[in-house]
Student: 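Below you'll find the structure I mean.
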There are 2 protein chains.
Amino acid sequence: MQRGGGRRGMLRRGWGGKFKECGYRMTVPRKAIMDVLGDSDKHLSAEDIYLTVHRSYPNVGLTTVYRTLELLTDMGMIVKFDFGDGRARYELAEGPDKKHHHHLICRRCKRIIEYTEFIDEEMDFLNRAEKGLSEKYKFDIKGHVIHFYGICDKCRYK
Amino acid sequence: MQRGGGRRGMLRRGWGGKFKECGYRMTVPRKAIMDVLGDSDKHLSAEDIYLTVHRSYPNVGLTTVYRTLELLTDMGMIVKFDFGDGRARYELAEGPDKKHHHHLICRRCKRIIEYTEFIDEEMDFLNRAEKGLSEKYKFDIKGHVIHFYGICDKCRYK
DNA sequence: TAGTTATTGAAAACGGTTTTCATTATCAAT
DNA sequence: ATTGATAATGAAAACCGTTTTCAATAACTA
């Protein structure tokens, strides 16, 4: 199912142009990395991506993966997360194919559950908080992160 | 002012006992590290703490700072944060001397602003979200983190 | 097609954190 | 107080994800 649906190749199709507009060259390694990100709905680490790309393009190096991820992050096409397990995770930025969401993180097994519930209620609170905080602290708020930490069901009973 | 008020020595006074109860020995380096944490209201890195402790106890090593911080974190006496600048930060856990709060993080200068506003509204939303998420995902929620990212006033005009 | 230059891969460097291990200090039992 | 078992320590080395270096290569422009 992972490679079947409508999400496939989204990054390349939708953003290939934007990529060139910014003056960057479209290369084989970059296409491959973008495809992996577009095909997955997981929270991939640089190494995850490297290993997947490596299956089709064994000569693409980990360095290039890091460099491309930084580029895509800076362009706002993907988002970099830190869930506290010592390595950064990347996922598609919010957009037509990616709903606004947050994460539950299991402190024991580090599993990450993505949820999209309560977003309306959240917006209510966030809008007011962002407005108030922006004014009081003269802080131009660009984004937010909400993480819930705890123990997942699999870990609780073992 | 930083060393004057009622917060002084809080960690040692309030938690020294708890510390021994857990079977840990109370040592000079540990007392020194706990004092630094109790005296400060900043978000200290391991190195910050090491440098401060080093002024009074030059033979306390960075390793011991890391080990003590891990211990205190596991005991729930302090909280470890990652604000995305590549080093962990530590602060007193919520309690009589530390109000529930969250953080604004400047993406440019990495400055961290602590705020305690909107906590009531937040609680409203969080309680409902935690309840719903716990049930739906069978996830035992222990805590949460809310970070706002943006550009602080000092960085905006330069 | 050629030339400019962005991009690449391999290896080395980096930096915060953790591990190793012999030494030292703490605490309970005397 | 003294002793003895062992938890805690500091210095150095290891660790590991990430970044930098640099010569070779590939992508776009003219």
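Labels below follow one simple rule: chain letters A, B, ... track the order of the sequence lines, proteins then strands, and each chain is numbered from 1.
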Student: Write down the distance between NZ (B:Lys31) and C1' (C:dA25), rounded to a whole number of angstrom.
Tutor: 12 Å
Student: With A:His43, which of A:Tyr90, A:Phe83, A:Phe81 fulfils ring-ring contact (aromatic ring centres under 6.0 Å, His included)?
Tutor: A:Phe83
Student: How many Å lie between CZ on B:Arg87 and P on C:dT18, as a whole number?
Tutor: 14 Å
Student: Between B:Arg108 and A:Asp140, is there a side-chain N and carboxylate O pair less than 4.0 Å apart?
Tutor: no
Student: Taking only the side-chain heavy atoms of B:Met26 (C-beta and beyond), determine which of C:dT17, C:dC27, C:dT7 contains the nearest atom.
Tutor: C:dC27
Student: Check step by step if side chain to side chain contact (heavy atoms under 4.5 Å, CB included) holds for B:Lys154 and B:Arg111.
Tutor: CA-CA 10 Å; B:Lys154 287 177 187 165; B:Arg111 187 157 70 104; 4.2 Å; yes
Student: Between C:dT5 and A:Arg25, counting only base atoms on the nucleotide and side-chain atoms on the residue, is there a donor-acceptor pair under 3.5 Å?
Tutor: yes
Student: Could you state the atom-to-atom distance from OH of A:Tyr66 to C1' of C:dC14 in whole Å?
Tutor: 13 Å
Student: On DNA chain D, reading 5' to 3', which nucleotide is the first and which the last to sit with an atom under 4.0 Å from a heavy atom of chain A, could you check?
Tutor: D:dG17 to D:dC28
Student: Identify which one of B:Arg89, B:Lys98, B:Lys42 satisfies the salt bridge (charged side-chain N to carboxylate O under 4.0 Å, His left out) criterion when paired with B:Glu114.
Tutor: B:Lys98
Student: Just wondering, do B:Leu37 and B:Leu72 contact through their side chains at under 4.5 Å, heavy atoms?
Tutor: yes
Student: So among B:Val60, B:Leu62, B:Thr68, B:Ile33, which one has a side chain to side chain contact (heavy atoms under 4.5 Å, CB included) with B:Ile49?
Tutor: B:Ile33
Student: From the options C:dA6, C:dT17, C:dT26, select the nucleotide whose nearest atom is closest to the side chain of B:Thr27.
Tutor: C:dT26
Student: Regarding A:Glu94 and A:Lys99, does a basic nitrogen lie under 4.0 Å from an acidic carboxylate oxygen?
Tutor: no
Student: Return the value, rounded to whole Å, for the distance between atom CD1 of A:Ile33 and atom C1' of C:dT8.
Tutor: 11 Å
Student: Whole angstrom is fine here: how far is it from CG in B:Leu44 over to C1' in C:dT17?
Tutor: 17 Å
Student: Distance only, no hydrogens: is a donor on one side chain within 3.5 Å (strictly under) of an acceptor on the other, for A:His147 and B:His147?
Tutor: no
Student: To the nearest angstrom, how far is B:Lys80 atom NZ from C:dG16 atom C1'?
Tutor: 10 Å
Student: Show me the protein contacts with nucleotides 28-30 of chain C, counting only N or O atoms at under 3.5 Å.
Tutor:
none

Student: Please tell me which of B:Arg89 and A:Pro29 maps to the more 5' nucleotide of DNA chain C, matching each residue to the nucleotide holding its nearest heavy atom.
Tutor: A:Pro29
Student: Grab the CZ-C1' distance between A:Arg67 and C:dG9 for me, whole Å please.
Tutor: 7 Å
Student: Report the residue (A:Thr63 or B:Leu71) whose heavy-atom-nearest nucleotide on DNA chain D is the more 5′ of the two.
Tutor: B:Leu71
Student: Between B:Ile146 and B:Tyr115, is the side chain to side chain contact (heavy atoms under 4.5 Å, CB included) condition met? List the steps.
Tutor: CA-CA 11 Å; B:Ile146 300 182; B:Tyr115 72 90; 4.3 Å; yes
Student: In whole angstrom, what separates A:Leu62's CG from C:dA10's C1'?
Tutor: 11 Å
Student: Relative to the 5' end of DNA chain C, which residue comes earlier, A:Thr64 or B:Ala88, by the nucleotide with the nearest heavy atom?
Tutor: A:Thr64
